[in-house]
Amino acid sequence: MVNFDTPSISRDAALLPDTGEPGFGVYVHWPFCAAKCPYCDFNSHVRHQPVDQERFTAAFLKEMATVRSMSGPKTVTSIFLGGGTPSLMKPETVSAILDGIARHWHVPDGIEITMEANPSSVEAERFRGYRAAGVNRVSLGVQALNDRDLKFLGRLHDVADALKAIRLARDIFPRMSFDLIYARPEQTVEEWEKELRQAISYAVDHLSLYQLTIEEGTPFYGLHKSGKLIVPDGEQSALLYEATQEITAREGMPAYEVSNHARPGAESRHNLTYWRYGDYAGIGPGAHGRLTRGPEKLATATERKPETWLDMVERDGHGILDEERLGFEEQSDELLLMGLRLREGVDLARWQQLSGRDLDPKREEFLLEHKFIERIGNSRLRCTPSGMLILDSVVADLAC
């Protein structure tokens, strides 16, 4: 039994400020959900029998030891418990995982420790247990603020459950965020603006706002392909995106990344590690990692099926299936792909150091003339709002 009175990770330290550095994150993937949403292509699995949390916890700790031997000593700047639905874990499970991270790497007091949660699996006692274990930020998968669309999205909660979870999270955790999905079928700009203003009134300091995408292999994909699910076209989606940017900026929660909005200083430290192209350890079924090893960066990916991953870890000490060594050119492409998602843009000196070249002047000039990109002084490059709408094309042009 875990003693919550003496956690290895401090629960009371003030959150450290963002240093602007990429940092080193630890991501732990809990792969289980109570139900599979029809739009979701994440590595999540439904089990109708209770999950052996003690056995999975032991496997998480065992894989941590292997990844620690690969990363070497590091100072952790953020921890993220994602899924799946991590709020299906017992508080004791969360505490054991966080204690394990603190044993393998240096974890300063006050780093951001986030856990994803679904409103349907939220209980006050469980939330307090997570807080006692060291979690200081929760990210709620709300997704919509009307019951009709929650049902369409396959969510198990209703609006009343969502608002209860938001209130609890605001009371218990120092920081809280929640997700919404927009560009839903037949959604008008006016409807979305009303829902977004409502969301901002509930939010503390952070919102993640994603356009509905139809992913291959999901139930929505089959419905869309057969013509039974119609989503907004490109023009309507652009109008919804533009309305999102205008309202959040006006309400003091501007976008700091394509789909993420925060009051100044409340940006997700862990996600900034990804977008700034920092290193991170990936632990658990289907987790990915990036670990710098001399001039190379090692990209890792683990077995996705939970039970297969569990058997592999118990037998081999890890569930890693793929280890790809990324050279300088591949790293520079990833840096560009991730960094241009951010409002702060890309550090050009770092990109030039990795790529060994300058940007193609003709391609850059074309994008500058059409106001898809802009320079921030002489040191950084970022997408404009117009460029964000065609981000993939901008990245492809600059990477050539």
Side-chain angles (χ1 to χ4, degrees), residues 27 29-47 80 82-86 88 116-120 139-144 148-157 177-187 192 195 207-241 244 255 257-260 268 270-271 274-275 282 284-289 299 301-306 308-309 321-322 333-334 337-338 340-341 388-396:
Y27 176 80
H29 191 79
W30 183 259
F32 302 108
C33 281
K36 184 77 171 178
C37 297
Y39 58 84
C40 178
D41 70 337
F42 293 167
N43 187 40
S44 58
H45 304 262
V46 177
R47 296 292 180 263
F80 197 100
T85 306
L88 294 175
E116 291 182 334
N118 278 341
S120 58
S139 178
L140 293 169
V142 171
Q143 313 308 9
R148 179 200 66 195
D149 284 352
L150 285 172
K151 185 175 181 180
F152 160 74
L153 292 169
R155 307 301 285 168
L156 297 180
H157 63 273
S177 176
F178 62 89
D179 300 355
L180 291 180
I181 293 173
Y182 66 101
R184 307 189 290 260
E186 301 181 3
Q187 187 178 40
W192 172 234
E195 187 172 356
L207 284 172
S208 296
L209 307 170
Y210 302 107
Q211 289 202 19
L212 177 63
T213 56
I214 305 301
E215 304 291 349
E216 191 169 355
T218 66
F220 273 5
Y221 180 82
L223 291 171
H224 181 66
K225 194 172 182 179
S226 66
K228 296 177 182 178
L229 174 60
I230 308 298
V231 295
D233 60 19
E235 182 179 352
Q236 178 70 0
S237 294
L239 291 173
L240 289 163
Y241 176 80
T244 302
E257 187 269 346
V258 174
S259 302
N260 285 271
S268 167
H270 188 81
N271 287 336
Y274 297 149
W275 299 319
H288 291 253
T302 60
E303 164 63 43
R304 290 171 59 88
K305 187 176 179 182
T308 304
W309 172 86
L321 283 179
D322 295 313
D333 286 347
E334 288 196 340
L337 177 66
M338 302 304 286
L340 284 178
R341 298 179 65 89
M388 287 293 189
L389 290 170
I390 57 166
L391 179 60
D392 290 346
S393 296
V394 172
V395 171

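None of the values given here were measured: they were computed from a predicted structure.
Under the side chain to side chain contact (heavy atoms under 4.5 Å, CB included) criterion, Thr308 pairs with Glu303, Lys305, Met312, sequence neighbours left out. Residues passing the side chain to side chain donor-acceptor pair (under 3.5 Å) test with Trp309, sequence neighbours excluded: Glu63. Remark: Arg341 engages Glu257 in a salt bridge (charged side-chain N to carboxylate O under 4.0 Å, His left out) (not counting sequence neighbours). For Asp179, there are no salt bridge (charged side-chain N to carboxylate O under 4.0 Å, His left out) partners at least two apart in sequence or on another chain. Under the rule for a side chain to side chain contact (heavy atoms under 4.5 Å, CB included), the partners of Ala287 that lie at least two apart in sequence or sit in another chain are Tyr27, His29, Thr302. Take Tyr274 and apply the side chain to side chain donor-acceptor pair (under 3.5 Å) test, not counting sequence neighbours, and it matches His270. With sequence neighbours left out, Lys151 forms a side chain to side chain contact (heavy atoms under 4.5 Å, CB included) with no residue at all. Residues meeting the ring-ring contact (aromatic ring centres under 6.0 Å, His included) test with Phe220, sequence neighbours left out: Phe152. Checked against side chain to side chain donor-acceptor pair (under 3.5 Å), Glu116 has no partners two or more places apart in sequence or in another chain. Residues satisfying the side chain to side chain donor-acceptor pair (under 3.5 Å) test with Thr218, not counting sequence neighbours, are none. Listed by chain and residue number, Arg290 satisfy the salt bridge (charged side-chain N to carboxylate O under 4.0 Å, His left out) test with Glu334 (two or more places apart in sequence, or in another chain).
In this structure, the side chains of Ser44 and Thr85 stay at 4.5 Å or more apart for every pair of heavy atoms. Side-chain contact between Ser208 and Asn260 is present, with at least one heavy-atom pair separated by less than 4.5 Å. Leu180 is listed as a side-chain neighbour of Trp192, based on a closest heavy-atom distance under 4.5 Å. Using a 4.5 Å heavy-atom threshold, the side chains of Leu229 and Pro185 count as touching.
Across all their heavy atoms, Pro38 and Gly154 have their closest contact at CD-CA, 3.8 Å. Residues Leu340 and Leu391 approach most closely at O-CD1, 3.7 Å, considering heavy atoms. Residues Lys36 and Phe42 approach most closely at NZ-O, 2.8 Å, considering heavy atoms.
In this structure, Tyr210 places its OH atom where more than 12 heavy-atom neighbours from other residues, nucleotides or ligands lie under 6.0 Å away.
Using a cut-off of 4.0 Å between Lys/Arg side-chain N and Asp/Glu carboxylate O, Glu195 and Arg184 are scored as salt-bridged.
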Between Leu150 and His157, is the side chain to side chain contact (heavy atoms under 4.5 Å, CB included) condition met? List the steps.
CA-CA 7 Å; Leu150 285 172; His157 63 273; 3.4 Å; yes

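Contacts classified as side chain to side chain donor-acceptor pair (under 3.5 Å) and involving residues 224-238 (residues at least two apart or in different chains) are not found.
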